[in-house]
Structures are given as C-alpha cells and as structure tokens.
Amino acid sequence: MFSPLIDQLIQSLRVLPGVGPKSAQRMALQLLEHNREGAARLATALNNAVEHVGRCPQCRTLSEEALCSICANPRRDAAMVCVVESPADVIAIEAAGTYSGRYFVLHGRLSPIDGIGPSELGMDQLEVLLRSDALQEVVIATNPSMEGEATAHYIAEKVKAKGLKVSRIAHGVPLGGELEYIDGGTLAHALSSRREL
Ligand SMILES: [Zn+2]
C-alpha cells in the first residue's frame with residue numbers, strides 16, 4: 001500500500017511505546033506531509049542520542065559523560081546509595097529534591113522467566129560500590145511489585161553481608177505502582193520514612 005521507504009518509516013515508529021500500526025501511519029504521514037524540518041530534527045536527535053548516550057560506569061544511569069553529573073558531583077553524599085530500577089526513578093527522586101546521596105540503577109528487576117538475573121542488573125558493579133569506604137547505608141527503592149520486592153530482598157542480603165545498613169523506601173502507593181508516577185511530596189516522604197531491613 002505504501003512505498004518501501006514510507007512503510008519502513010511506519011514500521012520503525014512502532015518501536016515507540018504505545019504506538020500501534022494506525023498511530024505509526026498517522027505520525028509518518030504527518031511528518032512527511034507537514035513537518036519535514038521536525039522530522040529531520042527528530043532523526044538527528046535520535047542518531048546523536050543512540051550514538052552518544054551510554055551508561056555511567058559507576059551508577060549505570062544513562063549518561064553521555066564519562067561519569068554522570070551526580071557521580072561526578074563531589075557534594076553528593078557518598079555515605080548513601082539509593083538503588084532504583086530505572087533512570088526515570090532517578091529523575092523522580094531528584095525532582096522530589098530531598099535526597100543528596102548517590103544512586104545505583106538496575107535497569108530492571110529480577111525476573112527469571114524473562115532471563116533477568118543478578119548479572120543483568122549489574123550486581124557485580126553494585127558489589128564494587130558496596131566496597132567503598134565512605135558508604136554507610138543502601139536505600140532500596142525498587143517498585144513495590146512482586147519482582148521489585150524479590151529484588152529488594154536479594155540486594156538487602158548482599159548489603160547486610162557486608163555489614164552495612166540497608167533500608168527500604170516506604171511507599172504510599174498501591175502495589176505495582178511505578179516510582180516515576182509518584183508525586184514529589186509523596187516520594188520525599190517515602191524516602192524519609194524508609195524502614196531498616
Ligand atoms: Zn553515575
């Protein structure tokens with residue numbers, strides 16, 4: 001129905017979350033008909049981001065620098081590390097504005113069925129962080145889903161084995177709620193009323 005290039009564009013747009021065949025078609029035609037400049041900017045931005053954004057070697061969040069801006073900031077409290085599932089969680093906690101420690105990003109949660117085990121979540125890198133002299137407490141802020149809780153438990157055991165304090169973020173949200181959708185006030189409260197594990 002469409003020429004190969006248009007068809008390829010439509011298929012490519014379907015990688016976006018929540019975009020089905022109809023929306024992809026609408027987006028492709030809209031761009032080609034009415035906004036070629038915007039389309040070119042999108043293509044360049046995608047290219048640049050895919051080429052230059054990697055993971056911070058220390059905390060694993062997305063970063064285009066050798067170290068991300070949080071790890072590189074000497075004013076961040078090295079005594080505390082907050083373990084989260086995704087870079088979006090880092091942004092949510094930063095927006096809440098009350099946390100001054102560092103982070104560790106798992107990029108997922110333990111899920112044996114999907115083939116996500118400790119090594120996929122960067123546990124080797126977390127172990128390196130746990131050996132840091134300055135570190136005193138690990139705050140686990142995985143989501144309150146079943147897999148998030150299993151992940152929290154797994155990490156808590158590792159941290160306790162090192163003789164460090166470990167705590168779990170308190171959640172004022174329904175089970176399975178995603179951290180990034182909680183408002184800043186609730187998130188700040190969840191952090192301050194974390195409980196020791
Ligand atoms: Zn970092």
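Remember, it's 1-based here, ligands and their atoms both numbered in the order they're listed.
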Side chains of Ser167 and Glu196: any donor to acceptor distance under 3.5 Å?
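Looking only at side-chain atoms, Ser167 and Glu196 do not form any donor-acceptor pair under 3.5 Å.
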How about Ser63 and Arg55: does a side-chain donor come under 3.5 Å of a side-chain acceptor?
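No, no side-chain donor-acceptor contact under 3.5 Å.
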Which protein N, O or S atoms lie under 2.8 Å from the Zn ion (ligand 1), given by chain and residue number?
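Near the Zn ion (ligand 1), the protein supplies Cys56 SG, Cys59 SG, Cys68 SG, Cys71 SG.
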Residue pair Tyr103 / Leu129: nearest heavy atoms and the distance that separates them:
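Reported closest heavy-atom pair: O-CD1, 4.3 Å.
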Which pair of heavy atoms, one from Leu13 and one from Ala28, lies closest together, and at what distance?
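Scanning both residues, the minimum pair turns out to be CD1-N, 3.7 Å.
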Look at Lys162 together with Glu157 and state whether they make a salt bridge at an N to O cut-off of under 4.0 Å.
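Judged by the 4.0 Å cut-off on N to carboxylate O distance, Lys162 and Glu157 do not form a salt bridge.
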Using the salt bridge (Lys or Arg N to Asp or Glu O under 4.0 Å) criterion, which residues pair with Arg41? Sequence neighbours excluded.
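Arg41: salt bridge (Lys or Arg N to Asp or Glu O under 4.0 Å) contacts with Glu37.
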